[in-house]
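Each remark here refers to the structure printed beneath this line.
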Amino acid sequence: MQQLILTQPDDWHLHVRTGDMLKTVINHTARQFARAIIMPNLQPPVTNTEQALCYQQEIQKATSSAYEFTPLMVLYLTNSTTIEEVKKAAESAAVYAFKLYPAGATTNSNQGVTDLQAIFPVFEAMEKYHLPLLIHGEVTDAEVDIFDRERLFIDQKLRVIHQSFPTLRIVLEHVTTREAVQFVQEAPPNIGATITPQHLLYNRNAILVGGIKPHYYCLPILKRETHRLALVEAATSGNPKFFLGTDSAPHMQHLKENSCGCAGCYSAYGALELYAEAFEQANALDKLEGFASFYGADFYELPRNTKKITLEKTDWQVPASYSIAKGLQLTPLKAGETLHWKLKD
Ligand code: NCD
Ligand code: ZN
């Protein structure tokens, strides 16, 4: 049987929620990954270090003792984030970054930032304390077409942030366009990007052809095929600025299969296997380890993992759904379909 032995990977962009959802999804992640950058868009959001420490404990309690897993915490920027908070976060052993959600851009972003200029002093402090800024890069103006929101964010906002704070470390999260790839490629090494499995595997037809398919709906929304190809090329290029971040974003089935369905794809159950599909399709399995296990750790200036994991070339069927609590189901990306790589337990 064909095998792929890799250094254990990390997930540099992950939503795990709380309560019953957390108890299921965290173990799907911990089975594969050594560390994950935990997104703070809870209701209410994780805005200070005390809250991050509490949330980190809840995650650790929900994680099976069979796994060695470290949640790396992130704080949610609001209009009232202070410079003192940045200092406290930098001095804590738990917080690794701040996340910028433009208000209204995505799930639970209503308390996000409404005026970027107003929080420039906070960016300045992050630059000084060497804390990365993670960005959901979409403009939110109602008149801007949803497919153009990332491209316009780069031109109107990201260039200004980068020029104003040239040494601030920035991760443009879940890039979805050729323009985002190009921006990151041309920027200095303190600018990186995560890429999700769904943006490598699908274009926007997945959401809309043959009926509305809510389980492919995430933000930033899937784009045209030309953009998907640019993402595949970036992910498989061996350029260390591009690294693994699943953006696995679980929502209960009834909230996705809804007349106003939530944004987010659930991929944590088989994240590495999904990336392996994408890399194999691109004939680039030899580039998977750098993308999944090295470049993110290097960007965050953390040691690379030393344990190894094994992927085997064997077919398995993705469950139709996962049971989260009585009467509550979670539908995974590729529900009921066959994957061709399987993580060996
Ligand atoms: C994420 C979520 O559900 O928290 N949804 C998504 O579509 N990606 C939020 C986000 O990362 O935008
Ligand atoms: Zn996300």
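Counting starts at 1 for both ligands and their atoms, in listed order. In what follows, every heavy atom counts, from backbone to side chain, and hydrogens, waters and symmetry copies are set aside. From a predicted model like this one, the values you see are computed outputs, not experimental measurements. Counting from 1, the numbers follow the sequence of the chain as shown.
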In ligand 1, which numbered atoms sit nearer than 4.0 Å to a non-hydrogen atom of [X]?
| X | result |
| --- | --- |
| His136 | 12 (O) |
| Ala249 | 1 (C), 2 (C), 3 (O), 5 (N) |
| Asn41 | 2 (C), 4 (O), 9 (C) |
| His15 | 1 (C), 2 (C), 4 (O), 9 (C), 10 (C), 11 (O) |
| Cys218 | 7 (O) |
| Gly264 | 5 (N), 6 (C), 7 (O) |

### Query
Do we get Arg204 above Phe147's six-membered ring, with its NZ or CZ under 6.0 Å from the centre and within 45° of the axis?
yes
Count the heavy atoms of every other residue, nucleotide or ligand shown that sit under 6.0 Å from [atom1] of [X], and state whether that count exceeds 12.
| X | atom1 | answer |
| --- | --- | --- |
| Arg159 | CZ | yes |
| Glu233 | CD | no |
| Leu255 | CG | yes |
| Lys308 | NZ | yes |
| Gln156 | CD | yes |

### Query
With distance as the sole test, does Asn110 use its side chain to make a donor-acceptor pair with the main-chain N or O of Gly104 at under 3.5 Å?
no
#### Entry: Donor-acceptor contact present, side-chain Gln32 to main-chain Ala268, <3.5 Å
yes
### Task
Answer yes or no for His15: is there an N/O/S atom below the 2.8 Å cut-off from the Zn ion (ligand 2)?
yes
Would you please determine whether [X] falls within less than 4.0 Å of ligand 1 on a heavy-atom basis?
| X | answer |
| --- | --- |
| His251 | yes |
| Arg17 | yes |
| His13 | yes |

### Task
Report yes or no: do Thr177 and Lys223 form a side-chain donor-acceptor pair below 3.5 Å?
no
What protein heavy atom is closest to [atom], reported as residue, atom name and distance in Å?
| atom | result |
| --- | --- |
| atom 5 (N) of ligand 1 | Ala263 O, 3.1 Å |
| atom 12 (O) of ligand 1 | Thr106 OG1, 2.7 Å |
| atom 8 (N) of ligand 1 | Asp247 OD2, 2.7 Å |
| atom 7 (O) of ligand 1 | Leu219 N, 2.8 Å |

### Task
Of the side chain and backbone of His174, name the one, both, or neither that has a heavy atom under 4.0 Å from an atom of ligand 1.
side chain
#### Entry: Carboxylate-amine/guanidinium proximity below 4.0 Å for Asp345 and Arg31
yes
### Three-point angle His13:NE2, the Zn ion (ligand 2), Asp247:OD1, rounded to the nearest 10°
90°
